[in-house]
Amino acid sequence: MTLHDAYDPDNIFAKILRGEMPAVKVYEDDAALAFMDVFPQSEGHTLVVPKGVEARNLLDMPADKLGPYMATVQKVAQAVEAALTPDGLVVTQFNGAPAGQTVYHLHFHIIPRWKDVTLGRHGSGEMADTDKLGVLADRIRMKL
Ligand code: 5GP
């Protein structure tokens, strides 16, 4: 997927947004849906995707929807921090395959970091246990 290919409405996050694929949800409002990354790079790795847009990446995002979306990214990041008390928090996103993007619906990663804990590889590794993700999602939700 280059930066200029068309939006694919059958990407996995679009399917999650439409309820066609399962996800361990953390939070939802008018602007965005937050759910647990199924291949987490650290415990509590959460994704926040904008709703109601066909934006492959940040460059595509309508400017008038960016503010409410980023407010939700911040809200969820604050809840992840409050719930899991990491030493640091990576909040990031990738634009285009050469930049590391693998799912082409805009999303921000919220990745808690702990001193002396190595970061897992991006978009690979073992699929997380759904029940364990559910426990983490509950803990984060309690801080929202
Ligand atoms: P990207 O590489 O596009 O920045 O990030 C995509 C993220 O989505 C990766 O961290 C990957 O682990 C995660 N991911 C891929 N497929 C699924 C899925 O079906 N469900 C969930 N919850 N996360 C996914």
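Numbering of ligands and ligand atoms starts at 1, following listing order.
Heavy atoms of Gln41 come nearer than 4.0 angstrom to ligand 1 in no pair at all. Heavy atoms of Phe13 come nearer than 4.0 angstrom to ligand 1 in at least one pair. In this structure, His122 is part of the shell of residues with a heavy atom less than 4.0 angstrom from ligand 1. Using a 4.0 Å heavy-atom cutoff, Ala23 is absent from the residues neighbouring ligand 1. Ligand 1 has His107 within reach: a non-hydrogen atom of the residue lies less than 4.0 Å from it.
If you check each of Val38, Val24, Val49 against atom 24 (C) of ligand 1, the one with the closest non-hydrogen atom is Val38. Summarising the contacts of atom 10 (O) of ligand 1 with Ile12, Asp37, Asn57, the nearest heavy atom is found in Asp37.
Here is the list of ligand 1 atoms found below 4.0 Å of a heavy atom in Val103: 3 (O), 6 (C). When each atom of ligand 1 is checked for a heavy atom of Leu47 under 4.0 Å away, the hits are 8 (O), 23 (N). Residue Phe39 has at least one heavy-atom neighbour below 4.0 Å for each of these atoms of ligand 1: 12 (O). For ligand 1 and Gly100, the ligand atoms under 4.0 Å from any heavy atom of the residue are 2 (O). Here is the list of ligand 1 atoms found below 4.0 Å of a heavy atom in Thr102: 1 (P), 2 (O), 3 (O), 5 (O), 6 (C).
Residue Met36 places at least one N or O, backbone or side chain, under 3.5 Å from an N or O of ligand 1. Ligand 1 has no N or O atom lying under 3.5 Å from any N or O atom of Ile16, backbone or side chain. Polar contact with ligand 1: absent for His45 (N/O pair, distance under 3.5 Å). Looking at ligand 1, you won't find any N or O of Phe94 less than 3.5 Å from one of its N or O atoms. Residue contacts with ligand 1: His109 is placed with a nitrogen or oxygen under 3.5 Å of a nitrogen or oxygen of the ligand (distance criterion only).
Within the 6.0 Å centre-distance limit, the rings of His107 and His109 are counted as a close aromatic pair. Here His45 and Phe39 keep their ring centres 6.0 angstrom or further from each other. A ring-centre distance under 6.0 Å is not found for Tyr27 and Phe35.
More than 12 heavy atoms of other residues, nucleotides or ligands lie within 6.0 Å of CD in Glu20, so this atom counts as buried by the packing criterion.
Under 4.0 angstrom from ligand 1, the non-hydrogen atoms of Phe35 all belong to its side chain.
A 4.5 Å side-chain heavy-atom check between His105 and Tyr7 finds at least one atom pair inside the cut-off.
No continuous path of hydrophobic side-chain contacts links Phe13 to Val38 [ILVMFWY only; heavy atoms under 4.5 Å]. Both Tyr69 and Ile110 belong to a common hydrophobic cluster when Ile, Leu, Val, Met, Phe, Trp and Tyr are linked at side-chain heavy-atom distances under 4.5 angstrom. Residues Val80 and Leu33 do not share a hydrophobic cluster, clusters being chains of Ile/Leu/Val/Met/Phe/Trp/Tyr side chains in contact below 4.5 Å. Taken together through direct or relayed side-chain contacts under 4.5 Å among Ile, Leu, Val, Met, Phe, Trp and Tyr, Ile12 and Leu106 form parts of separate hydrophobic clusters.
Salt-bridge annotation for Arg18 and Asp10: present, with a side-chain N of the basic residue lying under 4.0 Å from a carboxylate O of the acidic one. A salt bridge links Lys51 with Glu28: the closest approach of a Lys/Arg side-chain nitrogen to an acidic carboxylate oxygen falls below 4.0 angstrom.
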